[in-house]
Amino acid sequence: MRPEQTERTVDKAVEPNSFKTGPDEEGMFGIFGGRFVAETLMPLILELQQAYDDAKNDPAFKAELRELSTNYAGRPSKLYYAEGLTKHVRQLAKDKGLDGGAKIYFKREDLNHTGSHKINNCLGQILLARRMGKTRIIAETGAGQHGVASATVSARFGLPCVVYMGATDVERQAPNVFRMKLLGAEVKPVASGHGTLKDAMNEALRDWVSNVDDTYYLIGTAAGPHPYPELVRDFQSVIGEEAREQILEREGRLPDTIIAAVGGGSNAIGLFHAFLDDKSVEIIGVEAGGRGLDGEEHCASMSAGSPGVLHGNRTYLLQNKDGQILDGHSVSAGLDYPGVGPEHSWLRDTGRVSYVPILDDEALNAFQLTTRVEGIIPALESAHAIAQAVKIAPTMAQDKIMIVNLSGRGDKDVHTVGKLLGMEI
Ligand SMILES: *Cc1c(COP(=O)(O)O)cnc(C)c1O
């Protein structure tokens with residue numbers, strides 16, 4: 001049975017003047033977020049918050065992050081006019097007797113070092129860890145993308161790194177496990193639960209509590225207890241800041257629509273944040289619709305979940321009637337997190353951002369289409385965002401402009417896609 005769509009918790013009438021000011025002192029975005037952690041973690045969380053508040057006002061910290069972002073990670077990433085895809089959506093419109101077809105741009109986070117937006121967050125957090133005098137890095141990973149990015153920055157700064165990874169994922173993602181080991185990280189398989197991302201995150205939080213003095217927990221998405229959702233958002237906001245500047249330069253105006261895929265929500269909030277107060281810009285987050293929202297084989301926590309507490313914050317979750325967290329499913333490993341960052345839950349309920357599901361099959365089609373008409377193999381996560389763009393662009397006029405976040409490249413997904421297409425690689 002499809003769960004009832006949860007009512008918005010925020011009255012439209014109390015819509016804030018700015019959507020960019022959150023979270024509050026307690027880490028709340030409306031009723032979402034916060035710090036729901038064990039007593040023993042509280043001092044760590046407060047220490048991190050103090051360190052982050054100092055760092056973000058320190059020009060030297062910003063300068064070092066900028067230097068690394070530029071010369072190590074390859075920023076700014078390009079804003080690319082996807083002419084092949086635009087032609088394709090105009091043909092789709094024509095086939096229906098319409099003369100629509102919005103102009104589609106890609107924000108090319110796939111061109112970053114390590115192949116996705118994850119490096120933006122890892123560089124910011126490793127500098128923070130060093131500033132705090134921490135000498136050991138821990139991280140959680142699902143598909144292994146964040147594990148690889150964490151192992152990468154740890155190698156760069158000569159810090160030992162332990163990556164918690166669900167035992168099931170360790171088996172499914174052998175190449176990334178090997179990459180992390182090459183980079184000098186220790187990969188610890190987590191057998192509890194179903195051996196996936198949620199279990200890895202629980203284990204990382206446990207490690208953190210028992211190694212308070214020397215350890216920094218490098219969270220991979222805009223979730224977890226405050227201040228993580230805020231600081232991860234800030235480190236990813238460079239995506240939207242650049243995109244906003246780039247589109248103003250290219251087109252002389254703001255885009256009409258921006259779209260990004262939502263797992264935990266870091267690449268999405270990274271693109272969205274700079275545009276939140278631009279009322280004319282429609283913002284769409286795309287969740288993993290998996291095999292459809294009717295059963296449990298999806299990961300659409302905002303389209304089909306309900307509010308609850310997971311990993312230290314209140315947010316929309318996939319849970320059963322007893323509050324048991326469900327595992328969810330997506331063709332794309334990076335989207336199958338049963339929760340979502342709290343800021344997205346708040347943006348959903350205020351109505352500022354719309355969240356829609358895209359099915360596995362639709363993402364797979366967009367993956368193949370983009371590869372063929374653009375010569376770009378997108379990550380399966382990003383293919384969800386592209387699928388939504390292809391769905392709505394034909395209904396929009398040709399002078400409309402859309403920016404899709406190409407969060408990562410798809411080299412990591414070729415085996416998955418090959419299998420789905422029934423091909424031996
Ligand atoms: C990890 C990942 C995602 C999902 O994570 P978010 O925190 O929601 O951004 C999306 N795309 C790519 C390429 C990823 O590696």
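Atoms within a ligand are numbered from 1 in the order they appear, just like the ligands themselves. Just so you know, residue 1 is the first one in the sequence shown, and it goes up from there.
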Between ligand 1 and Ala222, is the shortest N or O to N or O distance under 3.5 Å? no

Show which atoms of ligand 1 fall inside a sub-4.0 Å distance from at least one heavy-atom site of Gly408. 13 (C)

Atom indices of ligand 1 within 4.0 angstrom of Gly334 heavy atoms, with elements: 4 (C)

re atom 12 (C) of ligand 1, the protein heavy-atom contact at minimum distance is Ser407 OG, 3.5 Å

Face-on cation placement of Lys56 at Phe61 ring, 6.0 Å and 45° thresholds: no

Look at Glu109 together with Lys118 and state whether they make a salt bridge at an N to O cut-off of under 4.0 Å. no

Any idea which atoms of ligand 1 are less than 4.0 Å away from a heavy-atom of Thr221? 6 (P), 7 (O)

Taking only heavy atoms of Gly265 into account, list the atoms of ligand 1 that are under 4.0 Å away from them. 6 (P), 7 (O), 8 (O)

Judging by distance only, is a nitrogen or oxygen of Leu335 under 3.5 angstrom from one on ligand 1? no

Any N or O of Ala379 closer than 3.5 Å to N or O of ligand 1: no

I'd like to know if Lys20 and Glu343 make a salt bridge, using a cut-off of under 4.0 Å between side-chain N and carboxylate O. no

Presence of salt bridge, Arg35 and Glu26, under 4.0 angstrom: yes

Plane angle bin for Tyr72 and His113 - parallel if under 30°, tilted between 30 and 60°, otherwise perpendicular: perpendicular

Atoms of ligand 1 less than 4.0 Å from Asn267 heavy atoms? 6 (P), 8 (O), 9 (O), 10 (C)

Under 4.0 Å from a heavy atom of Ser266: which atoms of ligand 1 are those, numbered in the order shown and with their elements? 6 (P), 7 (O), 8 (O), 9 (O)

Under the 6.0 Å and 45° cation-pi test, does Arg348 pair with Tyr316? yes

What I want to check is whether the side chains of Ser407 and Glu381 have a donor and an acceptor closer together than 3.5 Å. no

Ligand 1 atoms nearer than 4.0 angstrom to some heavy atom of Gly263 are 8 (O)

Could you pull out, from Lys118, Gln145, His117, the option with a heavy atom nearest to atom 2 (C) of ligand 1? Lys118

Any side-chain donor-acceptor pair under 3.5 Å between Gln246 and Lys107? yes

